[in-house]
Amino acid sequence: MQVGRVRKRISSSERILVARIGALGDTLMATPVLSALRKWYPGFAIDVLASAGAAPLLRGHPAVEHVFGLRGRNWPLLLSPEKLALSLRLRRRRYRLGVLLESAPRYRRLLESAGVRELRGFRETPFRAERHAIVNNLAAALGRWDEEPPDMELPIDARHAAAAERLLEGLGPDVAGLHVGYGPGRRKQGQTDRLKGWSLANFARLASLLLSEGTDLVLTGSPGDIEAVARVERAVAGPPQRVRNLAGRTGVLELAALIERLRVFVSVDSGPAHMAAAVGTPLVVLWGPAKLQQVRPVSSRSPVVVVREPVPCAPCYDTPAMKSCRLNVCMQRITPERVAAVTLELLRG
């Protein structure tokens with residue numbers, strides 16, 4: 001790795017604030033920055049500003065001293081009591097350097113209001129669309145990064161590991177996880193209708209195929225996905241004692257510990273897919289509208305198999321086509337039989 005435009009080293013009495021206020025996957029793709037900064041600035045303190053939902057992922061990171069969670073990320077500073085109070089808290093910590101891994105001006109204003117003396121981000125080192133987000137994050141923090149994206153980092157502590165073991169009690173050694181959920185519904189309430197979504201019928205068919213091959217299953221999802229996952233569970237053809245529905249029963253860290261203990265994990269493009277890559281669980285990720293080169297899960301420790309059907313309109317993220325899409329053919333053309341074959345190959349391989 002070559003680092004350019006390097007500023008003077010920060011003394012051990014000073015602090016760095018890393019700001020990435022995104023979803024689970026966005027946050028995990030920022031974790032290599034934390035280790036790189038710790039190595040480049042030994043002895044300093046690193047704090048992180050994250051979204052409230054993703055903040056737990058960072059609280060056990062060995063490079064991090066403190067994590068601030070932000071709930072109302074889109075409110076303007078002067079209209080947000082939460083951001084005004086946060087600005088005062090950050091100001092008291094007297095940051096020498098802020099690494100801003102966000103493009104929206106409102107986040108730069110927040111860090112400026114907190115008195116951060118030097119800011120590095122995509123304004124100083126522009127985001128390059130042909131590179132992975134991890135590489136762009138490292139380049140923004142350090143000035144330059146010429147290597148492949150390193151692994152994401154997600155430490156699992158003993159308490160959450162024990163909780164995951166209890167959730168898996170009674171299942172066989174070859175357990176596959178199916179992440180049927182896909183985050184908040186927003187404008188489209190059903191999993192099938194969401195842009196990255198795969199139909200519940202497809203998940204049920206996939207589950208039935210895996211059960212027929214002797215694979216026990218764990219179904220996961222958020223509290224908002226409980227009904228959708230229950231519908232999949234009811235539609236599965238196979239012994240019900242070999243299917244465990246854990247939707248809505250795990251927090252973020254319990255889910256990470258659970259995924260770590262699975263033989264393989266299957267998901268659409270989602271935060272839990274990145275969690276699987278981060279903890280080293282073989283992953284099958286069903287890919288549709290998002291930018292594969294920029295945000296695909298990466299891992300040097302375990303296989304990541306991307307299943308996709310290229311269509312002329314994909315990727316449509318950050319384009320007008322994304323808002324006008326009414327039929328996500330990029331996802332609908334992925335068949336359960338194809339996903340089952342890839343999953344079984346990983347289980348047997």
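Quantities reported herein were computed from a predicted structural model and do not represent experimental measurements.
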>> Please check this pair: side chain of Asn328 against backbone of Leu195, looking for a donor-acceptor N/O pair closer than 3.5 Å.
In response: yes
> Hey, is Glu82 close enough to Arg71 for a salt bridge, meaning N to O under 4.0 Å?
Replying inline: no
>> Let me confirm one number: the CZ-CG distance from Arg205 to Leu210, rounded to the nearest 0.5 Å.
In response: 10.5 Å
> Which is it for Glu309 and Arg338 under the side chain to side chain contact (heavy atoms under 4.5 Å, CB included) test, yes or no, and what are the steps along the way?
Replying inline: CA-CA 11 Å; Glu309 286 290 333; Arg338 181 180 173 193; 2.6 Å; yes
> Could you state the interatomic distance from CZ (Arg93) to CG (Leu90), rounded to the nearest 0.5 Å?
Replying inline: 8.5 Å
>> The test is side chain to side chain contact (heavy atoms under 4.5 Å, CB included); show your working for Val229 and Phe203 and say whether it passes.
In response: CA-CA 9 Å; Val229 180; Phe203 273 112; over 6 Å; no
> Given Arg231 and Glu233, is the salt bridge (charged side-chain N to carboxylate O under 4.0 Å, His left out) satisfied, shown in steps?
Replying inline: CA-CA 5 Å; Arg231 287 172 57 192; Glu233 184 182 21; over 6 Å; no
> Looking only at atom types and distance, does a side-chain atom of Arg131 sit under 3.5 Å from a main-chain N or O of Phe127, one as donor and one as acceptor?
Replying inline: no
> Among side-chain atoms of Asn74 and Arg106, is any donor-acceptor pair under 3.5 angstrom?
Replying inline: yes
> Is there a donor-acceptor pair closer than 3.5 Å between any side-chain N or O of Thr27 and the backbone N or O of Ala23?
Replying inline: yes
> Distance-only, no hydrogens or angles: does the Arg333 side chain make a donor-acceptor pair with backbone N or O of Val311 under 3.5 Å?
Replying inline: no
> If you round to the nearest 0.5 Å, how far is CG of Leu101 from CG of Asp26?
Replying inline: 10.5 Å
>> Looking at Glu124 and Gly121, would you say the former's side chain and the latter's main chain have a donor-acceptor pair under 3.5 Å?
In response: yes
>> If the test is side-chain contact (heavy atoms from CB on, under 4.5 Å), which one of Ile156, Leu154, Leu255 qualifies with Glu260?
In response: Ile156
>> Under a 3.5 Å distance rule, please check whether Asp151 uses its side chain to pair with a backbone N or O of Ser300 as donor and acceptor.
In response: yes
> Looking at Leu258, Val252, Thr250, which one forms a side-chain contact (heavy atoms from CB on, under 4.5 Å) with Glu254?
Replying inline: Thr250
> Does Arg242 use its side chain to pair, donor to acceptor, with the backbone of Thr215 at less than 3.5 Å?
Replying inline: yes
>> Distance check, rounded to the nearest 0.5 Å: Leu178 atom CG versus Thr343 atom OG1?
In response: 7.5 Å
> Got a second to check how far Thr220's OG1 is from Met275's CE, nearest 0.5 Å?
Replying inline: 9.0 Å
> Between Arg348 and Glu213, does a salt bridge (charged side-chain N to carboxylate O under 4.0 Å, His left out) hold up when you go through it step by step?
Replying inline: CA-CA 11 Å; Arg348 296 164 178 166; Glu213 294 291 333; 2.7 Å; yes
>> Any side-chain to backbone donor/acceptor pair from Thr281 onto Ile259? Under 3.5 Å, distance only.
In response: yes
>> Hydrophobic clusters here meaning ILVMFWY residues chained together by side-chain heavy-atom distances under 4.5 Å, can you tell me if Leu200 and Val307 are in one?
In response: yes
> With distance as the sole criterion, is a donor-acceptor pair present between the side chains of Gln332 and Ser199 under 3.5 Å?
Replying inline: no
> Where the side chain of Asn202 meets the backbone of Pro336, is there a donor-acceptor pair that is under 3.5 Å apart?
Replying inline: no
>> Donor-acceptor pair, distance only, cut-off 3.5 Å: does the side chain of Ser267 make one with the backbone of Pro272?
In response: no
>> Quick check on side-chain contact (heavy atoms from CB on, under 4.5 Å): which of Val279, Leu28, Leu57 does Met152 satisfy it with?
In response: Leu28
>> To the nearest 0.5 Å, what is the distance between OG1 on Thr125 and CG on Leu142?
In response: 9.0 Å
